[in-house]
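Worksheet: the structure to be examined is printed underneath.
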Amino acid sequence: MAEVRRRPTIREVARRAGVSHQTVSRFLRDDPTLRPQTRQVVQDAVDALGYRPNLAARSMRTTRSGVVAIVVPTMRGPERTIEAAVEEARARGFRVEVIIGVDEGAEELSLRARDLLDSGRVEGVLSVAPINASTDRTGAVVDTGEYDHRMRAVEAVSGDADTMAALVRALAELGHRHFLHAAGPQGWRSAKLRQQGYLSAIEELGLTSHGEPDGFWEPAHGMRVVAALDADSPVTAILAASDLIAAGVLFGAAQRGWSVPQRLSVTGWDDMLLMRYAVPPLTTVVVDRESAGRHAMQRLIAAIRGEEEPPPLATRLTQIALRGTTGPAP
């Protein structure tokens, strides 16, 4: 029979760190008065021993559950945000429940969050989409501000317009003058913003756009865009509103015998892992959803503890990654 490994104790953490067990307790409460040097030696001891707080025991002592919930309206899209939020919560001594309410809108998610708080199971709820709930005596509710209730990116987080404009400028510096934008569905705010950024840069630089056909976030849309071009089309760069659309553009170009990037440069958006391994790898926009998730969880825990909300993120969460599908204009 395999030996059951005993759970390390707070006193063992204290001995390894060379501090008192009261100091370790302060560390686990995220006491802001703890010196950075002390915080680091305790963190090193926690990591070395694999220590995890006994949340059940802490709940009995403090009448707090030590649990937060994350509610999500879909199973697709926010994976990186959720992973980062969970890591942040665990690092601060909280256990996490993830609740997926498929296709639920703001009202349904609000009721779900309220039920969770009223049950006493959780101290706070982080929603990846906006909900109609606020901090009160029963707990705290925070949303990431990253998506609307249909999981469509919003301007405050993704900076879509400015980033798309910067992408056009980058291609113009490579000599491209004739562009096409394979736009996303215009009912989505993120798609509108990306199109606005594209058009503003085209006008600013005196470039030529040969259209902005829109369609859903799927490869078939990108394939149709390429198929509609004349054989002698002057278009040398297609900017797709998503990596999925860009995948269709690449497939459509291959079907027509157009080499990428020699004949046609192609860009996407979202940095899908698989597209990093396309041949050639896709130029895209990387969205730092991890920072958004960590910051949202920091806000939630500050609300739970009655602390001052952390300052807004200081840096843009989008970054252009130039890879193998873009090159000089032919």
When you measure from the side chain of [X] to the backbone of [Y], do you find a donor-acceptor pair of N or O atoms at a distance under 3.5 Å?
X      : Y      : result
Gln186 : Gly184 : yes
Ser200 : Gly197 : yes
Arg177 : Ala172 : yes
His176 : Val168 : no
Arg256 : Leu229 : yes
Glu12  : Thr9   : yes

[X], [atom1] atom: more than 12 neighbouring heavy atoms under 6.0 Å:
X      : atom1 : answer
Gln319 : CD    : no
Glu203 : CD    : no
Leu273 : CG    : yes

Could you tell me whether the side chain of [Y] reaches within less than 4.5 Å of the side chain of [X], counting heavy atoms only?
X      : Y      : answer
Thr325 : Thr267 : no
Trp258 : Val226 : yes
His210 : Phe179 : no
Ile245 : Phe216 : no
Met297 : Glu87  : no
Gln37  : Gln40  : no
Met164 : Trp269 : yes
Arg299 : Pro310 : yes

Rounded to the nearest 0.5 Å, how far does [atom2] of [Y] lie from [atom1] of [X]?
X      : Y      : atom1 : atom2 : result
Leu300 : Glu309 : CG    : CD    : 10.5 Å
Gln43  : Thr38  : CD    : OG1   : 13.0 Å
Ile301 : Phe94  : CD1   : CZ    : 5.0 Å
Met275 : Leu244 : CE    : CG    : 8.5 Å
Asp214 : Lys192 : CG    : NZ    : 10.5 Å
Arg39  : Thr23  : CZ    : OG1   : 11.5 Å

What are the two closest non-hydrogen atoms of [X] and [Y], and how far apart are they?
X      : Y      : answer
Ala183 : Ala241 : C-CB, 3.9 Å
Gly327 : Ser265 : N-OG, 3.1 Å
Ala182 : Val225 : CB-CG2, 4.0 Å
Ala191 : Pro185 : CB-O, 3.2 Å
Val42  : Ala17  : CA-CB, 4.1 Å
Val13  : Ala45  : O-CB, 3.7 Å

Does the side chain of [X] come under 3.5 Å of the side chain of [Y] through a donor N or O and an acceptor N or O?
X      : Y      : result
Thr236 : His178 : no
Asp288 : Ser291 : yes
Thr284 : Asp243 : yes

| Residue of the set Leu171, Val266, Leu239, Leu167 for which side chain to side chain contact (heavy atoms under 4.5 Å, CB included) holds with Thr326 |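 That would be Leu171; it is the only one of Leu171, Val266, Leu239, Leu167 passing the side chain to side chain contact (heavy atoms under 4.5 Å, CB included) with Thr326.
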| Are Val260 and Met223 linked, directly or through other ILVMFWY residues, by side chains that come within less than 4.5 angstrom of each other? |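 As far as the 4.5 Å side-chain criterion goes, Met223 and Val260 are not connected within one cluster.
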| field | Check: Tyr198 ring centre within less than 6.0 Å of His181 ring centre | value | yes
| request: Using a strict 4.0 Å threshold on nitrogen-to-oxygen distance, state whether Asp271 and Arg323 make a salt bridge. | output: yes
| When you check the gap from the basic side-chain N to the acidic O, do Arg92 and Glu88 get nearer than 4.0 Å? | yes
| request: Decide yes or no on side chain to side chain contact (heavy atoms under 4.5 Å, CB included) for Thr208 and Ile202, but give the supporting numbers first. | output: CA-CA 7 Å; Thr208 301; Ile202 292 291; over 6 Å; no
